[in-house]
Amino acid sequence: MKKTACCLLFAIIGLSCRPSHDLPARIGLLRLGHFDDHYFAQAKKEIAQFYHAEVVDLGEKALPELAYYAPRNRYRADKLIAWLWETRPDSVDYIMGLTASDISHTKGDIADYGIMGLAYNPGRSGVVSMFRVGKGAKGQGQVADRYSKLVLHELGHNFGLAHCANAKHCLMRDACGTVKTLDSEAKAVCEKCKSKLGKRLR
């Protein structure tokens, strides 16, 4: 399959574990390889504000070799979130891996499809990549805005939200193959998704 920068996907994986809705949630952010401090700080701030959560800096770890996909020089997101689940410290309820590296997942008949993020739904781990977020962006501010929306979206899956087809500007919309979806989304969920999140939102 030809590698293109426009292959984008929000993806989710179902898991039988349903997280508690007690507040505040403790969400750990782990840098997978070197990750820009500006975007890390932005994600941390947005999560704390949006989900009324305590956000913990878990430092940095190298991307695990078990997830490396040599034919495309990228990392399998399904293996990354499984590894994050297994290595999540007891001090946090959820763990989100932040990486600048390319990630991928199987989509239908496509064995290795480039994506921006993947998370268990519901579950306690997810991963988000910067690799495609900057495409066509007009400055660092737009990149940061896109990335924070992406992280909030994947955490929404951890909290049990599916992709939303109820409202055009809902944060939980599917990317549908384009980074422009992030620009058209509001940094908010629709009333239907909000009711499912309950007290997680301020």
Side-chain angles (χ1 to χ4, degrees), residues 6-29 39 42-55 77-78 81 84-85 88 92-98 103 105-108 113-130 132-133 137 141-202:
C6 62
C7 287
L8 307 172
L9 174 71
F10 286 141
I12 54 176
I13 292 180
L15 201 66
S16 59
C17 175
R18 290 194 172 274
S20 169
H21 280 233
D22 294 338
L23 293 176
R26 287 176 57 86
I27 300 170
L29 296 184
Y39 299 126
Q42 178 77 10
K44 184 177 180 181
K45 176 183 176 182
E46 295 283 359
I47 293 169
Q49 292 179 344
F50 193 85
Y51 286 117
H52 194 191
E54 181 180 353
V55 185
D78 51 338
I81 64 173
L84 286 164
W85 179 287
R88 175 182 61 88
V92 297
D93 303 308
Y94 303 85
I95 183 169
M96 184 65 60
L98 308 183
I103 61 175
H105 185 55
T106 300
K107 180 188 178 185
Y113 185 82
I115 61 174
M116 292 187 290
L118 187 73
Y120 286 115
N121 179 14
R124 297 183 182 270
S125 65
V127 64
V128 181
S129 169
M130 285 288 300
R132 294 175 170 81
V133 177
Q142 187 176 22
V143 175
D145 183 67
R146 287 175 175 178
Y147 196 75
S148 61
K149 287 177 182 177
L150 181 57
V151 174
L152 295 175
H153 176 104
E154 296 302 338
L155 280 168
H157 288 320
N158 275 176
F159 296 149
L161 293 181
H163 283 145
C164 179
N166 183 59
K168 182 178 180 180
H169 300 295
C170 181
L171 181 70
M172 294 308 298
R173 286 180 63 205
D174 192 338
C176 295
T178 174
V179 72
K180 293 181 179 179
T181 303
L182 294 170
D183 297 327
S184 64
E185 289 176 352
K187 200 171 287 181
V189 293
C190 67
E191 289 301 316
K192 184 176 181 180
C193 291
K194 186 176 181 179
S195 67
K196 293 178 181 178
L197 285 172
K199 292 181 180 181
R200 289 202 183 280
L201 298 182
R202 288 187 186 276

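Worth knowing before you read on, the calculation uses all heavy atoms, side chains too, and leaves out hydrogens, waters and symmetry mates.
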Looking only at heavy atoms, which two atoms of Met96 and Val128 are closest? And how far apart?
-> SD-CG2, 3.7 Å
Minimum heavy-atom distance Ala162-His157, with the two atoms named = C-CE1, 4.0 Å
Could you walk me through whether His153 and Leu182 pass the side chain to side chain contact (heavy atoms under 4.5 Å, CB included) check?
-> CA-CA 10 Å; His153 176 104; Leu182 294 170; over 6 Å; no
For the residue pair Arg146 and Val133, what are the closest heavy atoms and their distance?
-> NH1-O, 2.7 Å
So do Val151 and Phe50 actually touch side chain to side chain, heavy atoms under 4.5 Å?
-> no
Do Tyr113 and Thr106 come close enough that some side-chain heavy atom pair is under 4.5 Å?
-> no
Atom pair CD1 (Ile81) and CG (Leu118), whose distance is rounded to the nearest 0.5 Å = 4.0 Å
Can you measure from OG1 (Thr181) to CG (Leu171) and round to the nearest 0.5 angstrom?
-> 11.5 Å
Under the side chain to side chain donor-acceptor pair (under 3.5 Å) test, residues paired with Lys187 that sit two or more places apart = Glu46, Asp145, Ser148
Evaluate the side-chain proximity of Gln42 to Tyr147: yes if any heavy-atom separation is below 4.5 Å, no if none is.
-> no
Residue set satisfying side-chain contact (heavy atoms from CB on, under 4.5 Å) with Ser129, at least two apart, ordered chain then number -> Thr99, Ile103, Phe131
Looking only at heavy atoms, which two atoms of Leu84 and Ile95 are closest? And how far apart?
-> O-CG2, 3.6 Å
With sequence neighbours excluded, what pairs up with Ser184 under the side chain to side chain donor-acceptor pair (under 3.5 Å) test?
-> Arg173
Of the non-hydrogen atoms in Ile115 and Arg132, which two are nearest, and what is the gap between them?
-> O-NH1, 3.5 Å
Using atom types as modelled and distance alone, determine if a side-chain donor or acceptor of Lys149 lies under 3.5 Å from a backbone N or O of Glu185.
-> yes
Taking Arg26 for the side chain and Asp93 for the main chain, is one N or O donor matched with an acceptor at less than 3.5 Å?
-> no
Residues in side chain to side chain donor-acceptor pair (under 3.5 Å) with Asn166, at least two apart?
-> none
Could you tell me whether the side chain of Ile47 reaches within less than 4.5 Å of the side chain of Leu29, counting heavy atoms only?
-> yes
Heavy-atom closest contact (Leu161 atom, Asn121 atom, distance) = O-ND2, 3.2 Å
Would you check if the side chain of Tyr94 reaches a backbone N or O of Phe159 as a donor-acceptor pair within less than 3.5 Å?
-> no
Rounded distance [0.5 Å steps], SG in Cys170 versus NE2 in His163 = 10.5 Å
